[in-house]
Structure formats: structure tokens, C-alpha cells
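Here the structure is a predicted model, which is why all the values come from computation and not from measurement. Atoms within a ligand are numbered from 1 in the order they appear, just like the ligands themselves.
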Amino acid sequence: MSIKASIKAFILTLILIPVSGICSLKLYAEDGHSLWLRMIAPKQEAKVMLAADYTPTIGIAIDELKTYWRQGTTIVLAESNLPMSDESYCIREYDDNITIMARTDVGFLYGAYDLLRRQTLGGKLGHIPTEVQTPKYNVRILNHWDNLNGTIERGFAGRSIFWNTELISVKSTTILKEYGRANASIGINGTVLNNVNASPQMLNEENILKAKYIADILRPYGMQVYLAVNFASPKVLGGLPTADPLDEDVQQWWKNKIAEIYNAIPDFGGFLVKANSEGQPGPGDYKRTHAEGANMMAEALEPYGGLVMWRAFVYAANSTDRANQAYDEFMPLDGQFRDNVIVQIKNGPIDFQPREPVSPLFFGLKKTQMMPEFQITQEYTGESVHTCFLASMWKEFFDDIKYGGSNINYPAIAGVANIGNDVNWCGSDMAQANWYAFGRMAWNPELTPEQIAQEWLSQTFSRSSKFVKPMTKLLCETREAVVNYMMPLGIHHIFAGNHHYGPEPWYAPRGVRADWTPPYYHKADSFGMGFDRTATGSNNLAQYPETIRKKYDTAPEYILYFHHVSWESVWNLLCNKYDAGVKQAESFAETWKCMKEYVDAERHQSQQRKFDRQAMDAWWWRDACLLYFQTFSKMPLPDDSPTPRFKLEDLQKYTLRMDNYTAADIDKLPVPRK
Ligand code: GCV
């Protein structure tokens with residue numbers, strides 16, 4: 001089918017859904033709102049006994065167990081005298097009951113969700129591990145890039161669930177409770193309510209009260225609230241002449257503001273700060289270091305036990321290599337940060353690309369607390385259209401950290417959320433898998449992507465092995481497929497200008513910062529392509545310790561990230577990768593087609609449209625990139641490489657966006673070859 005015909009068919013399907021959906025409905029129509037918590041209540045309430053002091057959190061645990069425990073056994077919640085951390089729990093099975101032991105109420109809540117998960121997964125309850133279960137990271141936190149006007153930066157699932165006009169309403173309260181419950185069920189215990197590109201208005205009286213309202217709802221679910229703050233707040237909001245961190249009035253302003261916040265939210269978690277990055281203000285504006293800026297806030301938060309999460313995502317215009325910058329800026333500060341500062345570092349040195357090496361800071365900083373920042377929202381991996389199961393990417397991160405001789409014992413871990421007010425929360429049913437995976441890996445980073453995929457698929461759709469087996473394989477292949485059809489062999493950041501969905505390796509208008517254009521990264525020329533980050537180039541490789549440096553230097557998946565390679569040696573390989581990616585994306589659409597009998601019609605159809613679109617986009621990516629790079633290589637496609645569907649000049653006239661396959665756009669789309 002041609003691309004136009006497919007799009008017309010797609011729109012027709014949209015119109016026909018209600019009718020065909022009802023006719024073929026064997027399973028209940030679902031809208032995805034229940035996430036992985038589609039538990040079925042038994043006719044009779046389960047028996048739950050409490051041998052600990054009651055709290056609202058324990059109340060939630062009891063309600064969940066009473067409502068959904070179907071095994072007939074009594075559940076006992078008993079205060080533990082075993083050595084364990086505050087959030088730990090341990091489940092023991094006795095003849096006539098199952099006992100969850102914990103030291104605090106949130107431990108019981110996590111134990112209850114563990115038990116209910118096992119029930120849904122259908123594992124034999126006799127196999128419940130008897131060891132104490134303890135989360136690997138103390139702070140397991142979502143970062144919401146939600147603006148106070150309700151929009152979400154890099155959000156693909158509607159508007160903010162926090163910052164909306166009807167915040168204090170029954171509807172909002174329900175959503176917030178559902179949000180707290182979903183997070184508690186996977187062990188997430190913190191949330192930053194607003195964008196790191198923070199408005200100073202976040203800290204005005206009204207917004208602090210809104211944050212209090214949200215914190216009060218989330219508290220029983222074991223979640224602490226944090227805020228992203230604008231470094232210039234004392235100036236913009238407080239009317240001071242400066243925001244210099246060494247100025248006493250500025251320090252006092254922060255102390256007063258922090259006292260006001262803790263007065264409203266006694267268990268407030270702390271601040272997240274993006275400073276001197278992408279135009280945000282910071283201590284550098286006053287010739288002060290990141291450490292001086294972070295420590296000033298940390299000192300004011302310290303009496304309350306609050307944290308400062310200070311981001312290391314910094315890069316300046318006109319750099320020769322953006323990948324070098326965070327390391328160059330933060331390494332001289334190692335050892336200078338206060339104890340309650342954690343430097344929050346994106347997994348890779350560039351920016352959440354489909355594949356990047358690990359940021360060298362994770363190996364370099366020795367006397368500074370660090371935390372990884374993952375991106376759950378798929379800014380660079382197909383937004384809420386393409387399925388890209390990110391557990392595979394995060395596993396690669398943990399593996400490389402260990403391979404490079406470092407350990408993964410961080411005090412905290414953050415994920416940039418993909419949540420909005422869309423009925424299915426994430427804009428796509430499949431994208432929910434990444435929220436789930438983040439929580440599960442933040443609790444236990446040793447879980448494999450396969451385990452997580454199996455768990456998530458069984459709970460979200462069907463436990464049938466005829467569904468779970470092929471779909472686990474599919475999910476675990478998606479990340480590599482996305483890398484293949486978008487940016488194989490270490491290519492990075494060749495997205496269209498102004499957004500990060502479609503390909504525009506040619507995008508380089510005059511006046512745009514070089515490091516915001518793809519040619520800065522791919523460096524295609526008549527000799528070859530790739531960024532030379534060896535000693536003959538930017539020497540970024542030298543920022544890595546020897547073991548991982550050796551791996552990155554020679555790994556095929558990073559060849560064009562670290563080397564400028566001749567066309568003779570890379571061209572056929574490049575074509576093979578793009579071709580493989582297209583085939584993989586097409587196979588996802590085919591596999592999903594066969595899953596009809598295991599998924600309700602509503603979710604099956606909406607996901608089918610997304611997989612079909614992903615396959616079409618994969619062709620678009622592959623043709624755009626290969627035809628463009630061919631203008632440099634002047635080499636033919638290999639014999640077994642399919643004929644491109646599009647012409648380069650047509651693709652160059654059109655920007656591929658997530659939302660532009662609408663009826664109004666169809667006639668403007670490039671015409672594919674037959
Ligand atoms: C919140 C990238 C994104 C920005 C984001 C920034 C960051 O540049 O495109 O939208 O800003 O990262 O992480 O601060």
C-alpha cells in the first residue's frame with residue numbers, strides 16, 4: 001500500500017473504530033487508564049489482620065489487599081524486628097496465613113503491591129522469596145517537565161496533571177490518587193512537580209499552596225514532593241538586585257523561602273536545579289561555581305533534611321565538542337559539594353539519544369554524590385508513536401558502568417516522566433512500559449529487560465504465553481530497531497530542527513548554533529562521516545577510564561560516535577543497519593496484528609495504528625538518511641538493499657512530525673515510489 005493510501009486507510013479506521021470495535025469485542029473495551037493495575041476483585045473481601053500501628057498508608061495497603069487478594073489466605077501485616085531499612089519488607093508464608101513484615105507503613109504498602117503483582121502474574125505463591133526486599137536506590141524519583149500553564153516540555157500525552165485550572169477538584173484529586181497508587185505499586189517514592197526550565201513563579205505563595213495540596217494527596221502513597229527552582233528567583237520573585245549565591249541577602253531569601261515551604265510541606269524533599277544551561281540563570285552569572293550555587297541552597301535545606309539535585313547538563317555554544325563539557329566543568333569541583341547535594345547526570349554526555357556512551361562523569365567524580373537521570377518520555381525515540389522499550393537502554397547503562405570499573409550504588413535515580421492527562425496517561429499503551437520499567441529498575445537494577453517486559457505485558461494485557469512470549473521478544477528488540485532505523489553505528493542528534501521526531505541530517509540554517517544542527521554531529525564529507533573524538537580530534541575518549549575507553553574505541557555500535565570513518569569502510573554497514581531497522585519495525589506491526597485475540601479491540605486497534613506508523617516512519621528515516629549521506633559517499637546501495645521509497649528532494653521539503661499525518665497534511669506528503 002502506498003503511504004498516502006495507508007494514511008487514508010488509517011483515517012478510515014479511525015472513523016470506523018466505534019462500530020467495528022463493538023462488533024468484534026470479545027474482551028472488555030479498555031482505554032489503558034488502569035495501567036498495569038487491572039486487578040479483578042473477588043466476590044468476597046479478603047481477610048487482613050494488622051499487628052502494627054494504623055496509618056493512612058497502611059490503610060491503603062489493607063484496602064488493596066482486602067479488595068484484590070483472591071487466594072483465600074489471611075494476610076497479616078506485622079511489625080518486623082528483623083534488621084531492614086525503612087522501605088524494606090519481607091513476605092513469609094505460614095500454614096494459614098501470609099505475613100508481610102516491615103518496619104514502617106510504606107514497607108507494608110510495597111509488600112502488599114508485591115504480593116498482588118505475584119498473584120496477577122500467576123506465579124506459585126510457594127515461590128515467594130523469603131528474603132528481605134530492599135530498594136537499591138533511596139530516592140526513586142520522577143522529574144516532570146510540567147510548566148505552570150499546564151503544558152509539558154517534551155510531553156506527548158496531553159497536559160499536566162498537576163498544573164491545571166481545576167487542581168482543587170474531585171477529578172484532580174482522583175487523578176492524583178491514581179498517580180500515587182501507580183507509583184507506589186512500582187516503588188517510586190518521589191516526584192518533581194515542575195519543569196527544570198523553572199519559572200520563578202513556582203515559589204510564589206499560591207503555587208507553594210498548590211504543591212502542598214498535591215503533597216498531602218501523595219504522602220500516603222509514600223511519595224515525597226520536590227520542586228525545580230529557578231536560580232534567579234531572589235531577583236525575579238524576591239525583588240533583590242542580585243541572585244549571587246555569596247550575597248547575604250540572597251542567602252537569607254532562600255532560607256526564608258525554604259522555611260515557608262517546610263511550613264506548608266513538612267516532608268518536602270528538596271530542589272532540582274538546572275543552572276547555566278540552555279539559557280537558564282545560575283551561579284556562573286556571578287562568576288561563582290556550580291558548587292557555590294548548589295551549596296548555598298544545600299545549607300539552607302540541610303536543617304530540614306532537604307536535598308539539592310544539581311544537574312550536570314551543561315554545554316556552551318561554539319564548543320568544539322559538546323560531549324566534553326560537563327566533565328570539563330564538573331571535574332574540578334569534585335569534593336566541593338556539601339553532603340546533601342547530589343549531582344544529577346544524564347545517562348549519556350549528549351542528550352538522551354537512542355544510543356550514547358555513558359557520561360564520563362560517572363567514572364570521573366570520586367568525592368561527589370551522583371545520580372543518573374534517565375528519560376522516560378521518548379523525546380528522541382519516537383515520542384508517543386514509536387514503541388521503544390527503554391529498559392534495554394538502561395540495562396546497557398548499568399552494564400557499562402560496571403564494565404568501566406565503577407559501581408551503581410547511587411543515593412538516587414531520576415526519570416523524566418512521560419505522564420500527562422491523556423486517558424492512558426502516556427499517549428500510548430506501549431509507552432506505559434517505560435514508566436513501569438523505570439520504577440522496577442530503580443528498585444532493582446539487576447532485573448533484566450525480559451523479566452520486566454514479561455511482568456508488564458502479563459499485567460497490562462494478557463497472561464497467555466502465546467501473547468507474552470512473542471511480545472516480550474518484540475519489546476526487547478524495539479530499542480535496537482529504533483537505533484538501527486534512526487541512528488545506527490553511533491550516529492547521534494540528526495533530528496529535524498526545532499523538534500526531535502523526524503530526520504533532517506541536512507538541517508543547518510544560517511544563524512542557528514552549530515551544536516543545534518546535525519552536521520556538527522555526523523560530520524559527513526567526501527572522505528567519510530563520524531565525529532573524531534580520539535586524540536586526533538576532540539579527545540573525548542580520554543575522559544574515560546581505560547577499560548571502558550578500550551571498549552568504546554572499538555565497539556561497532558559507537559564507531560561513528562568516536563571516529564571519522566571512510567565511506568569505503570562504513571557505507572555498506574550503514575545501509576545494512578538502516579535496512580535491518582526497517583525490517584524490524586515492519587515485523588512489529590505484523591506481530592501485533594496476530595495478537596488480536598489477546599487484547600481488547602480498543603487498545604489493539606489504537607496500538608496497531610501506532611505500529612503501522614512506526615514502520616512507515618522507519619522507511620522515512622532510512623531513506624532520508626541513506627539518500628542524504630549518499631550525496632557524500634557517492635556509493636550505490638548494496639545489491640540486497642531495497643530501492644528507496646522516497647526521493648530525497650521530496651523528503652527535504654517536508655518535516656516529519658509526530659502529529660502531521662492528519663487529513664490536512666496528506667496531500668502535502670512526499671509521494672513514495674511504487
Ligand atoms: C527541559 C534537552 C531538551 C530540553 C530539555 C533539556 C534539559 O535539550 O530538548 O527540552 O529542557 O534537554 O534536559 O534540560
Within 45 degrees of the axis of the six-membered ring of [Y] and under 6.0 Å from its centre: does [X] put its NZ or CZ there?
X: R533; Y: F531; result: yes
X: R322; Y: Y315; result: yes
X: R513; Y: W516; result: yes

So does N230 get a backbone contact from the side chain of S233, meaning a donor-acceptor N/O pair under 3.5 Å?
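Yes, S233 side chain to N230 backbone: donor-acceptor pair under 3.5 Å.
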Under 3.5 Å donor-acceptor, Y628 side chain and Q652 backbone:
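A pair under 3.5 Å: no.
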Protein residue, atom and distance nearest to [atom], heavy-atom basis:
atom: atom 6 (C) of ligand 1; answer: E278 OE1, 3.3 Å
atom: atom 2 (C) of ligand 1; answer: D351 OD2, 2.9 Å
atom: atom 14 (O) of ligand 1; answer: K274 NZ, 2.6 Å

Going by ring-ring contact (aromatic ring centres under 6.0 Å, His included), F362 matches just one of Y403, F398, Y544, F397. Which one?
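The single option meeting the ring-ring contact (aromatic ring centres under 6.0 Å, His included) with F362 is F397.
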Which ligand 1 atoms are under 4.0 Å away from a heavy-atom of [X]?
X: H500; result: 9 (O)
X: E379; result: 3 (C), 9 (O)
X: N195; result: 1 (C)
X: Y380; result: 9 (O)
X: V196; result: 1 (C), 14 (O)

Quick one: does ligand 1 sit under 4.0 Å from the side chain of F313, the backbone, both or neither, non-hydrogen atoms only?
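Only the side chain of F313 comes within reach of ligand 1.
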Checking heavy-atom distances from atom 12 (O) of ligand 1 to each of K346, R154, E153, the winner is K346
So for ligand 1, is Y315 a polar contact partner (N or O within less than 3.5 Å, distance only)?
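No.
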Any nitrogen or oxygen of E373, side chain or backbone, less than 3.5 Å from one on ligand 1?
no
Counting only heavy atoms not in N407 (residues, nucleotides, ligands), do more than 12 fall under 6.0 Å from its CG?
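Counting neighbours around CG of N407, more than 12 heavy atoms of other residues, nucleotides or ligands fall under 6.0 Å, so yes.
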Just wondering, more than 12 heavy atoms not from E205 lying within 6.0 Å of its CD?
no
